[in-house]
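Because only heavy atoms are used, hydrogens play no part in the values below, and waters and symmetry mates are left out as well, while side chains stay in. Throughout, a chain's letter reflects where its sequence line sits, starting with A, and its residues are numbered from 1. For clarity, every value in this text was computed on a predicted model and none was experimentally measured.
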Amino acid sequence: MGTSETAVTSNFIRNIIAEDLENGKREQVVTRFPPEPNGYLHIGHAKSFSLNFGLAEDFSGRCHLRFDDTNPIKEEDEYVDAIKADVRWLGFDWGEHLHFASDYFDQLYLWAVQLIKAGKAYVDSQTAEEMRENRGTLTQPGVNSPFRDRSVVENLELFEKMKAGEFPDGAHILRAKIDMSSPNMNLRDPAMYRILHAHHHRTGDKWCIYPMYDFAHGQGDSIEGVTYSICTLEFEDHRPLYDWFIEQLGIFAPQQIEFARLNLSYTVMSKRKLLQLVNEQYVSGWDDPRMPTLVGMRRRGYPPAAIRTFCERIGVGKGASWIDLSVLEDCVREQLNESAYRRLAVLKPLKVTLSNYPADKIEMLEAPNHPQQPELGKRKLPFSHELYIDRDDFMEEPPKKFFRLGPGREVRLRNAYIIKCEEVIKNSDGDVVELRCSADLDTLGQNPADGHKVKGIVHWVSAVQAQEVEVRLYDRLFNQENPDKAENYLQALNPDSFQTTTALVEPELIAVEPGSTFQFERVGYFTVDSKDSKSGQPVFNRTVTLRDTWAKLK
RNA sequence: UGGGGCGUCGCCAAGCGGUAAGGCACCGGAUUUUGAUUCCGGCAUUCCCAGGUUCGAUUCCUGGCGCCCCAGCCA
């Protein structure tokens, strides 16, 4: 259906690769998506892996999925599985190339030994605090560790004992011997290996020393023959270090290119914060439909194609950028508008009785599943003398531009007749509780015989056949465009981001598949919750509202 | 006041010396049994600022200014 066909605009990474290929600097394109399995993927990760897999696709190369699992304390298999599922959900395939940094632990160890032997690495026995103090500051150079000039033999011996588990955590650390006065902090003798008596999700208890990300990442890329190591901006300063390791080791050199990570308005993207929202139960879990996680968006009903289109649309640059939520929502609507079946559902019921429609009559009207796609067929819609419309579609004293129902006014019932409000019934509190209307029985599928126009169209359900379902109304998680501008981002939480209500829906909306999305006409898109729905008892999540120009006029 | 980056429309973003693409948002207007969709039209004489080079600069040079990142035995 071609809705996700976005004109492919160039970006600086694509340009670099195209040029490299053209002038023979590279013969093939190998990229990779290197998540750490310590949390669920969010839309920002989607930007990253769409870029990596997309580039590989465009240039007939390949893209690996590699888990950078160098810190056993934070990583779990649960996340590995979830991450794989999320990448697949977006339609990407790493083929044979599923890798783990931990696959390279033996090689990494050998390389560490090689650097020690070359006098390029040493075992430091300072405490973490001492190391921090001696690192200097942004404007002051650091000072050498008193252990910096240990002999190769001693370093080898110590490192071997570290590996053998003879020391407690933190007792020693292996550092690269580079330059304590480098203006680049990453080059002030960075840590390569630390002692961690921890169980690793893949290597078990084989190791009690683990490589730092900085000592594993670049070499992992090198081993895999990754030609373009695409990563986010904060690693720009690390590139000289990665290049240094590669050069000292004399191994294949990938080219690192950095791009700006995604920021989306009205949400937060840091794993730490998302984890806090989950742990402290501000949301129901990683898959809460308000979360910017892929599992959350999936549950909310965002189609994967919409997310891919979004990632393509926002482009890739080097400047810190904030994407407006409306861009994502537009992608979602664009996709859903094409595919979602239309249904009628009333969220705020107001009773309507038709005075001139037989009380014992039930008509089965026919309504198209999609107004622009007749090939999607029709469904039956029961109609009777007692109906419900939405309270928002009636006003006792309607303003000029309000072309819905009001005393003496006419309106078209979607897919049914035109009715006229003859009487407004109120309770003792003065609240409107019922509308008595007359129906023009000559207007099914046609305009009134006298040719007068009825502009307003309203959704409705037949009282007797309508079914009650739970509907969950989701809105943006935060009130502020940038929650981090608040004193504490938790204070920017939107108290109305979740409301639950009961709706009256047409019968067709009962036997529905979890995960399927419908458009409740004039209201929005709603997806059957995949977790809390039961057979014959669906729970609907509001995926996104319809555009509402009337709301803007008000 | 060290180092690394970035500055093109409200938000993204093409452009790479020849006289400012596109998307979102916004504002019209047409069609419409969803105030939806669709469709037309509008929306930067100007590219952070100031100089300079050039017939000509958003694109090259110089100098400012502004913003982001870096001092984990995290990634």
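- Residues A/Lys380 and A/Glu508 are not paired through a salt bridge, judged by the lack of any N-O separation under 4.0 Å between the basic side chain and the carboxylate.
- Salt-bridge annotation for A/Lys177 and A/Asp189: absent, with no side-chain N of the basic residue lying under 4.0 Å from a carboxylate O of the acidic one.
- Across B/C73, B/C12, B/A14, the shortest atom-to-atom separation from the side chain of A/Trp322 is found for B/C12.
- Of the side-chain N and O atoms in A/Thr70, one or more sit less than 4.0 angstrom from OP1 or OP2 of B/A75.
- Comparing B/A75, B/G3, B/C74 by their nearest atom to the side chain of A/Lys74 picks out B/C74.
- Checked by atom type, the side-chain pair A/Asp214/A/Tyr242 shows a donor-acceptor distance below 3.5 Å.
- Within 4.0 Å of A/Gln126, counting heavy atoms only, lies at least one base atom of the nucleic acid.
- Using a 4.0 Å heavy-atom criterion, one finds that A/Lys552 contacts the sugar-phosphate atoms exclusively.
- Distance A/Trp460 CH2 to B/U34 P: 15 Å, rounded to the nearest Å.
- B/G28 and B/C40 make up a base pair, with Watson-Crick or G-U wobble contacts both under 3.5 Å.
- Across B/C12, B/C73, B/G35, the shortest atom-to-atom separation from the side chain of A/Ala128 is found for B/C73.
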Exercise for the section: For A/Phe383 and A/Trp460, run ring pair (Phe, Tyr, Trp, His ring centres under 6.0 Å): C-alpha distance rounded to whole Å, both residues' side-chain angles, the deciding distance at 0.1 Å, then the answer. Expected result: CA-CA 9 Å; A/Phe383 186 87; A/Trp460 56 277; 5.3 Å; yes
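- Taking 4.0 Å as the cut-off between side-chain N and carboxylate O, A/Glu224 and A/Arg66 count as a salt-bridged pair.
- Closest to the A/His238 side chain, of the nucleotides B/C27, B/U34, B/A75, is B/A75.
- Base pairing analysis places B/U58 opposite nothing; no Watson-Crick or G-U wobble pair with both distances below 3.5 Å involves it.
- Using the Watson-Crick or G-U wobble rule with both distances under 3.5 Å, B/G2 pairs with B/C70.
- If you check every strand for non-hydrogen atoms under 4.0 Å, A/Thr137 touches a base.
- Here B/U34 sits opposite no nucleotide as a Watson-Crick or G-U wobble pair (both hydrogen-bonding atom distances under 3.5 Å).
- Checked against B/U34, B/C6, B/G3, the side chain of A/Lys318 finds its nearest nucleotide in B/C6.
- Among the protein residues, A/Lys271 comes within range of no part of the nucleic acid, since none of its heavy atoms lies under 4.0 Å from any strand.
- Not one side-chain nitrogen or oxygen of A/Asn337 sits closer than 4.0 Å to the OP1 or OP2 atom of B/U38.
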